[in-house]
Amino acid sequence: MIARQIQEEIIKRVPENKAIILLGPRQSGKTTLLRQVSKMLNMPYIWFNGDDPADAALLTDSSVSRLVGII
């Protein structure tokens, strides 16, 4: 695996209880990076996939109460 500097930055910011949005081109390693981070943190998480129509619909025009309801 390639060591990424941003991995440490993500791990450092997770306890802030804020959303972390990771953007990048397809096949650039975003999912792999987040899977590695999630294993290291051993905390509950939810995966959203913007390519999945159901997830995209959920994330479009959503309120905080709607998103909290799925947790």
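Here, residue 1 is the first one in the sequence, and each next residue gets the next number.
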Query - Sidechain N-carboxylate O distance under 4.0 Å for R13, E9 - result: yes
Report task. Report, as yes or no, whether the 6.0 Å neighbourhood of atom CD1 on I6 holds more than 12 heavy atoms from other residues, nucleotides or ligands. Result -> no
Report task. Could you tell me the separation between the OG1 atom of T31 and the CD atom of Q36, rounded to the nearest 0.5 Å? Result ->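 Between T31 OG1 and Q36 CD, I get 11.0 Å after rounding to 0.5 Å.
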Report summary line: Rounding to 0.5 Å, atoms CD (Q27) and OG1 (T32) come to a distance of 8.5 Å
Query raised in the report: Do side-chain atoms of S38 reach the backbone of L34 as a donor and acceptor pair under 3.5 angstrom?
Result: yes
For [X] and [Y], work out which heavy atoms get closest and say how close.
X: V37; Y: I11; answer: CG1-CG1, 4.0 Å
X: W47; Y: D55; answer: O-OD2, 4.2 Å
X: K30; Y: L23; answer: CD-C, 3.7 Å

**Report entry** Full working for side chain to side chain contact (heavy atoms under 4.5 Å, CB included) between D51 and R26
**Finding:** CA-CA 11 Å; D51 291 332; R26 294 177 63 86; 3.2 Å; yes
Query - Co-membership, hydrophobic cluster, residues I46 and L33, 4.5 Å side-chain - result: no
Query raised in the report: Same hydrophobic cluster for Y45 and F48, using side-chain heavy-atom links shorter than 4.5 Å among ILVMFWY?
Result: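 Each belongs to a different hydrophobic cluster.
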